[in-house]
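Below, chains carry the letters A, B, ... as their sequence lines are ordered, and counting in each starts from 1. Values below: every heavy atom of this structure, side chains too, minus hydrogens, waters and symmetry copies.
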2 protein chains.
Amino acid sequence: MATIRDVARAAGVSIATVSRVFNNQDLVNDETALRVMQAAVACDYWPNEAAKSLTTSHSNAFGVLLPDLFGEFYSEIIRGIDHRARQSGYQILLSSSHASNEDVLNAARAMLGRVDGLMMMTPDGASVETVERIRKRLPVVLLNPGFLAADCGAVSVDNFAGAKAATEHLLGLGHREIAMIAGPAGNSDADGRRRGYQAALAGFGLDPARAVIEPGDFRETAGHAAGLQLLGRTPRPTAVFAANDSMAIGLLGAARECGVRVPEDVAVVGFDDLTIARYLNPPLTTVTIDAYGLGRRAVALMLAAVEGDAGSPAVRETLPAVLTVRESCGTPRRAAVAQSPLLRR
Amino acid sequence: MATIRDVARAAGVSIATVSRVFNNQDLVNDETALRVMQAAVACDYWPNEAAKSLTTSHSNAFGVLLPDLFGEFYSEIIRGIDHRARQSGYQILLSSSHASNEDVLNAARAMLGRVDGLMMMTPDGASVETVERIRKRLPVVLLNPGFLAADCGAVSVDNFAGAKAATEHLLGLGHREIAMIAGPAGNSDADGRRRGYQAALAGFGLDPARAVIEPGDFRETAGHAAGLQLLGRTPRPTAVFAANDSMAIGLLGAARECGVRVPEDVAVVGFDDLTIARYLNPPLTTVTIDAYGLGRRAVALMLAAVEGDAGSPAVRETLPAVLTVRESCGTPRRAAVAQSPLLRR
DNA sequence: CACGGCGATGTAAACGGTTTCATAAAATTG
DNA sequence: CAATTTTATGAAACCGTTTACATCGCCGTG
């Protein structure tokens, strides 16, 4: 395939001129430029991006490291990242499923020289040391990090506040036996949500240590299994807070199978507000977070770090997580209504 | 940051030796290799992948061009691609949202030199010419292409057969007023599914031209809107085939809002078998396709083209789409039972 | 008219690796 | 022990760009 030399030869100029035509149009005489362009088209010349990266040490691409790609949540993040990046002419080098530190490090290594920065979401992987090791060579933006790393940008979702609001909503409706289906142990998102739930309970004078927490892994099946567990208990919890919508959906399925009505027999709250949440039966009350926006913001921070004044500080942003009330929690429980006239409808 | 020269200097060898240590370990003396490795660790040397690509003209990465990333379907494809690629040591350069030919071409251009092949899914974009233009420089594997391109691998889902089976299922249950919510016009997947639906109708002696087809775009909202339309018709269709699950879910939401029961008042079939389909209320009868497997197969074909014997033919695979019966279609309609004793339970 | 400045272009040195070829030392062979 | 093969390494070319610097007319100015 044609290289810049072929084009130069065809146009009767030097390779420098060809390069200038493609980069600094204005440095070269109009007629010459035209001649070069024609030659380039004739040769069907496509510049080699690897060579470009090498000389400019600049790739117009960002690396993205994700834990895994399950479900709409991650895919929305990627969508946000991709859209924002493309908008600024950047490409995305993707790599998912990173468990260990070694894994993350290898992935980062394999990206060196082909990306201008790295966005990482490793809720249960990567230690601070790993991140800082990478940071020595590349700008880094963390998504929902479980820790603070020096000199890295970070965008987080306010998992704690969202979970607290969700739980308080249930408490406000009069529920006291509120179980939770948790996310994977060691996952920072799951962690924040669990803490928010417990904080809400504590705020109402309930003992968080006595709370019923069923383990889960953010997948539908786990929600389903946990649901069967919880709904089989006596006394059965009157409400369940699932750490994400996928598990809430699994729970809804379990309830259906057990003949347990939602919200009459048990109230359900999720987290994420997947697109489908509003179309479920019943429509799911959940905590809305803007995964797409999370991705976009991450790129925005990265762009600031890469293109902005070198000394741009490591910005740290938190995106809100707000409760969206639909129908899966029903109306206030009778007992609660009796206690609090304000809640009467 | 340290380059190969720094390592060479630190180890007291030439850069050739360092390179050999990293690539053909066995060509160099054990002691020397050890010394080099130590020097590399001391310098914290990470090879520059762009430079590597330039000399070897080999990047260990594949480009992936997608229409957009909406919903679990696409994210599952990416997941399959990513997993399989990583398994063979390849990275993924992602780029989505390509509408026009020019768009696709630019994206491909921007990848030249940094990928060893291109996987494209452009259900409504890219013409054959565009694809073949790209094919001149890179191996290409198409996902669910609407056309045949010379010398390109292709993996497709049997949309036609799946849609036909779904529709025949409804016909078999006794339904005759079967409406469809279609996918976006010009989208080849949507197209295949619509054709399958019409073929099934025709096979039962019904006139496909008289079929009620509501337009859609594969999103929940469209399914919801189309659902309101369809359920408001008189006479109301007794069954609806949605071109994908997302729209079926929107439809389910609409039915709920209208007080129309599923499956008693209207039967619903979807397409895709999203993870959540089985947990819906009622569990959704749908056509199962293996999006994850689609991605994996695409990579497998690509690997064969890249690593295999140069003359590897352009393989063309079709993945099955099989009906998964759950509860959203209910039991045979009375009229049908009367007509066909075989259907009586 | 000599000269400084400018606009247009070419030359050549990077960028950071891999790989061919040459070479020297060591090992093997008859 | 000489001849030959093998092993280990280095020198240098090369991959396809960008860009600093040099060159060369040409124009306007004093």
For this session: Looking at every strand, decide which applies to A:Ser57 at a 4.0 Å heavy-atom threshold: base, sugar-phosphate, or nothing.
Result: nothing

Exercise. Please give, in whole Å, the distance from D:dA11 C1' to B:Arg5 CZ?
Worked result: 12 Å

Exercise. What nucleic acid atoms does B:Phe22 come within less than 4.0 Å of, heavy atoms only: base, sugar-phosphate, or nothing?
Worked result: nothing

For this session: Measure the distance from CG on B:Asn24 to P on D:dT9 and round it to the nearest whole Å.
Result: 14 Å

For this session: Check the distance between D:dC15's P and B:Ile15's CD1 and give it to me in whole angstrom.
Result: 16 Å

Problem set entry | B:Ser75 side chain to B:Arg79 side chain, donor-acceptor N/O pair below 3.5 angstrom | no

Problem set entry | Pairwise side-chain contact, B:Cys152 with B:Val131, heavy-atom cut-off 4.5 Å (strictly under) | yes

Seminar exercise, completed: The nucleotide from C:dT19, D:dA11, C:dG16 with an atom nearest the side chain of B:Asn48 is C:dG16

Exercise. Does A:Ser14 place a side-chain N or O at less than 4.0 Å from the phosphate oxygens OP1/OP2 of C:dG10?
Worked result: yes

Problem set entry | Length of the line joining B:Arg114:CZ and D:dT17:P, which is rounded to integer Å | 13 Å

Exercise. Nearest of D:dT17, C:dG10, D:dG16 to any side-chain atom of A:Leu54?
Worked result: D:dG16

Exercise. B:Ser53 near the nucleic acid: base, sugar-phosphate alone, or nothing, with a heavy-atom cut-off under 4.0 Å?
Worked result: nothing

Exercise. With distance as the sole criterion, is a donor-acceptor pair present between the side chains of B:Asp116 and B:Ser59 under 3.5 Å?
Worked result: yes

Problem set entry | Atom-pair distance (CG on B:Leu27; C1' on D:dT6), nearest Å | 13 Å

Exercise. Taking for each residue the nucleotide of DNA chain D bearing the nearest heavy atom, is the 5' side occupied by B:Val28 or by A:Ala2?
Worked result: B:Val28

Exercise. In whole angstrom, what separates B:Arg20's CZ from D:dT9's P?
Worked result: 8 Å

Problem set entry | Closest nucleotide among D:dT9, C:dA8, D:dT17 to the B:Thr32 side chain | D:dT9

Exercise. Between D:dT19, D:dT9, D:dT17, which nucleotide has the shortest distance from any of its atoms to the side chain of A:Pro47?
Worked result: D:dT17

For this session: Just call it for B:Val18: base, sugar-phosphate, or nothing, with non-hydrogen atoms closer than 4.0 Å on any strand.
Result: nothing

Seminar exercise, completed: For A:Arg9, the salt bridge (charged side-chain N to carboxylate O under 4.0 Å, His left out) test, sequence neighbours excluded, returns A:Asp6

For this session: Measure up the B:Tyr90 and B:His58 rings against each other and bin them: parallel (under 30°), tilted (30 to 60°), perpendicular (over 60°).
Result: perpendicular

Seminar exercise, completed: Ranking C:dT11, D:dG16, C:dT18 by distance to the side chain of A:Ala16, first place goes to C:dT11

Exercise. Under 4.0 angstrom, heavy atoms only, what part of the nucleic acid is B:Thr17 near: base, sugar-phosphate, or nothing?
Worked result: sugar-phosphate

Exercise. Once you round it to whole Å, what is the distance between P of D:dA8 and CG of B:Asn29?
Worked result: 6 Å

Problem set entry | B:Thr55, nearest nucleotide to its side chain (from C:dG17, D:dG10, D:dT18) | C:dG17

Problem set entry | Residue pair A:Arg86 / A:Gln91, side-chain donor-acceptor N/O under 3.5 Å | no

Problem set entry | side-chain N/O A:Ser19 vs D:dT18 OP1/OP2, d < 4.0 Å | yes

Exercise. In whole angstrom, what separates A:Lys52's NZ from C:dG16's C1'?
Worked result: 19 Å

